[in-house]
A.B. asks: 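Sharing a structure, written as structure tokens. Questions coming.
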Amino acid sequence: MYELGGTALRILSVIFLFLCLSCGQPEAPTDGPNLDPIRVAVRRDVDSFNPYVSGSIEGEIVAMRLFPQLFQERPGEELGAHSAVLESHQWVTATKLDLILKPGLVWSDGAPLVANDVVFSFEAQTDADIAWFSAGSKRNILSVVAINDMEIRVEFDRERATNLMDLNEGFIVPRHVLSKTPFKEWTTHDWSHDLVVFGPYKIGLHRPDRYLRLQNLNSEYPDLIFQIARDKETHFQWLDSNQVDYSWSIDVERLASIRPPLQKITYANHQFAYLVWNSIDPSRLPEDGLQSVAGMVKAKTATPHRLFSEATVRQALEMALNRPAYLQNIWQGQGSIPATPWSVGRLFHRPAINARQFEPSAAIEALAGQGWSDSEGVLSKNDRPFTFSVLCNSGSPSREYVLYAIQKDLANIGIKMEIEFVEAGLYWDRLARRQFDAAFVMFRRENRPDLGELFHSDAGVKDGLNYASWQAGDELIRRVEDATDWEQIDDYLHQLDLIFADSAPVCLLYEAQQIGVVGSRLTHIEPNFLDPLAGVELWR
């Protein structure tokens, strides 16, 4: 069975709806050395300083500054080439890996960082009481054992190209401090006080939902201040008045207002938006949703959705949507239209297929082949009009714009689409129970190839993210996960591209670029999709 987990479970934080946390003037720094700190505007506070309790992007970004990973990931570079904590790593066999820590590593309280910290971190990652959201990435690891204070032996269940990625997922945390709190109490424990870290920062002043200062443990580098405001316009005003130095959350509509000394920066963040087509009649589903793959398969056959159970219809809808216009009008052309989710970011292969073109006449012809005919500008079949609703969480002008544009494009070929904007809690509940015709979803993929958490059939039940209940890619997704080399993975992904494009379980709308703005104080800044603050302690 394909277990849910891994970094792909990180749904884009922009989907979640929160109240505005702060507006107005940034809070003046009142602690730490006077070294002209770097000031960053963010939209949400850290939900927990313990990385195995946090579930937010902001929590992960802060954790990157407080705790080490075994290896440092850098875009375009082989994993394992860089490490702040490992002297070396060596494969003893195809499934056994020896790690040797660098000598002299210490936590912020002076205690040595030792092999048992790595073992303890693995225990936390896989503990059922903690239920870390990426625990599934560890299912292929049989054991992590300390040979002595400096050496660790890792054993995997079998050889895979992605074993090092699985091992590297998550952070090393201090056993001598965190083990004092039982795992079952981690989710309720207050981790904001006296937290021992590795650096390069430690926690300074924190005023929840308003302000967080990270103090650099190296006095040669500036501190890092997170100024928190939910409203994107506040970020722009702070930048324009030189009260913050950087934000990656600026309304696209404001980009035309950017003038020197402010500078716009763009970078790939592997974020993509798509419409999910429900292949099952939601009115015939159990109240608590799908509970098994067998139940999902049976429901697709016994109670198919009257519109979206046919691949030809889903393909036609793609051709009816002017996706290049959405990309241009919302993101000023910064991005692309991927053919499949595996081509987002083009991380692991270069796909040989392209997204379907905007061809409304071809869409009408394809629908006519399925029995849909035009009667006074309305498509109908068996005296029933082509009408459906799309579910979306409220609170984003860009989402609203896209959906209204889609609504107009579909109306042009005789299809009526209603839009349901709902609050976040109801949105996620209805997605989980598959109570929708279609739904707008945004996702940021991580540096992994399989995407099983989104499109394997095991993710189509209970709280899984396969809202389209797609199953045609199961075998290939498993092969990608089990592949032993990257050439195999590339071949399997190509096959997945073809199957996915043919069945069209979702319609990918765009892959946007991350757009940020920096002030005059920062002249060297290199954010990336792994970390919008990559190397921030060296920024100038």
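Just so you know, these numbers come straight off a predicted model, no measurement behind them.
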A.B. asks: List the steps and the verdict of side-chain contact (heavy atoms from CB on, under 4.5 Å) for Arg306 and Asp281.
C.D. replies: CA-CA 7 Å; Arg306 75 178 187 92; Asp281 182 351; over 6 Å; no

A.B. asks: Report the C-alpha separation of Arg479 and Leu476 in whole Å, then their side-chain angles, then the decisive distance to 0.1 Å, and conclude whether the side-chain contact (heavy atoms from CB on, under 4.5 Å) test is met.
C.D. replies: CA-CA 5 Å; Arg479 290 183 185 181; Leu476 283 168; 4.3 Å; yes

A.B. asks: Are Ile406 and Leu275 side-chain neighbours, meaning at least one heavy-atom pair lies under 4.5 Å?
C.D. replies: yes

A.B. asks: Will you find, in the side chains of Asn466 and His456, an N or O donor that is under 3.5 Å from an N or O acceptor?
C.D. replies: no

A.B. asks: Determine whether more than 12 heavy atoms belonging to other residues, nucleotides or ligands lie under 6.0 Å from atom CD of Glu487.
C.D. replies: no

A.B. asks: Kindly write out the residues that satisfy salt bridge (charged side-chain N to carboxylate O under 4.0 Å, His left out) with Glu233, not counting sequence neighbours, or none if the list is empty.
C.D. replies: Arg254

A.B. asks: Determine, stepwise, if the pair Arg478 / Glu481 fulfils salt bridge (Lys or Arg N to Asp or Glu O under 4.0 Å).
C.D. replies: CA-CA 5 Å; Arg478 174 63 71 187; Glu481 184 188 4; 2.9 Å; yes

A.B. asks: Check Asp482, Thr484, Thr95, Asn163 against Arg158 for a side chain to side chain donor-acceptor pair (under 3.5 Å) and give me the one that passes.
C.D. replies: Asp482

A.B. asks: Could I get the full list of side chain to side chain donor-acceptor pair (under 3.5 Å) partners for Glu310, not counting sequence neighbours?
C.D. replies: none

A.B. asks: Applying side chain to side chain donor-acceptor pair (under 3.5 Å), can you list everything that pairs with Arg430, at least two apart in sequence or on another chain?
C.D. replies: Glu420

A.B. asks: Rounded to the nearest 0.5 Å, what's the gap from CE on Met442 to OG on Ser398? Could you check?
C.D. replies: 6.0 Å

A.B. asks: Checking Phe358 now: which residues fulfil ring-ring contact (aromatic ring centres under 6.0 Å, His included) with it, not counting sequence neighbours?
C.D. replies: none

A.B. asks: Looking only at non-hydrogen atoms, find the nearest pair between Ser48 and Ser54 and report the distance.
C.D. replies: O-CB, 3.6 Å

A.B. asks: So which of Leu167, Leu70, Asn168, Thr162 actually passes side-chain contact (heavy atoms from CB on, under 4.5 Å) with Leu79?
C.D. replies: Asn168

A.B. asks: Which residues pass the ring-ring contact (aromatic ring centres under 6.0 Å, His included) test with Phe388, sequence neighbours left out?
C.D. replies: Phe308

A.B. asks: Taking only residues two or more places apart in sequence or in another chain, which ones pass ring-ring contact (aromatic ring centres under 6.0 Å, His included) with Phe455?
C.D. replies: Trp342, Phe500

A.B. asks: In sequence, state the C-alpha distance, the side-chain angles, and the governing distance for Asp531 and Arg65, and then conclude on salt bridge (Lys or Arg N to Asp or Glu O under 4.0 Å).
C.D. replies: CA-CA 11 Å; Asp531 181 7; Arg65 327 261 84 87; 2.5 Å; yes

A.B. asks: List for me each residue that meets salt bridge (charged side-chain N to carboxylate O under 4.0 Å, His left out) alongside Asp166, sequence neighbours excluded, and say none if there are none.
C.D. replies: Arg448

A.B. asks: Checking Ser83 now: which residues fulfil side chain to side chain donor-acceptor pair (under 3.5 Å) with it, not counting sequence neighbours?
C.D. replies: none

A.B. asks: If the condition is side chain to side chain donor-acceptor pair (under 3.5 Å), which residues does Arg356 pass it with, not counting sequence neighbours?
C.D. replies: Glu318

A.B. asks: Quickly, which of Ile337, Leu403, Asp409 forms a side-chain contact (heavy atoms from CB on, under 4.5 Å) with Tyr326? Name it, please.
C.D. replies: Asp409

A.B. asks: Sequence neighbours excluded, which residues qualify as salt bridge (charged side-chain N to carboxylate O under 4.0 Å, His left out) partners of Asp374?
C.D. replies: none

A.B. asks: Which salt bridge (charged side-chain N to carboxylate O under 4.0 Å, His left out) pairs, counting each pair once, include a residue from residues 376-394, with sequence neighbours left out?
C.D. replies: none

A.B. asks: With a 6.0 Å cut-off (strictly less than), is the heavy-atom count around CD of Glu359, excluding the residue itself, greater than 12?
C.D. replies: yes

A.B. asks: Who are the ring-ring contact (aromatic ring centres under 6.0 Å, His included) partners of Phe71, not counting sequence neighbours?
C.D. replies: His89

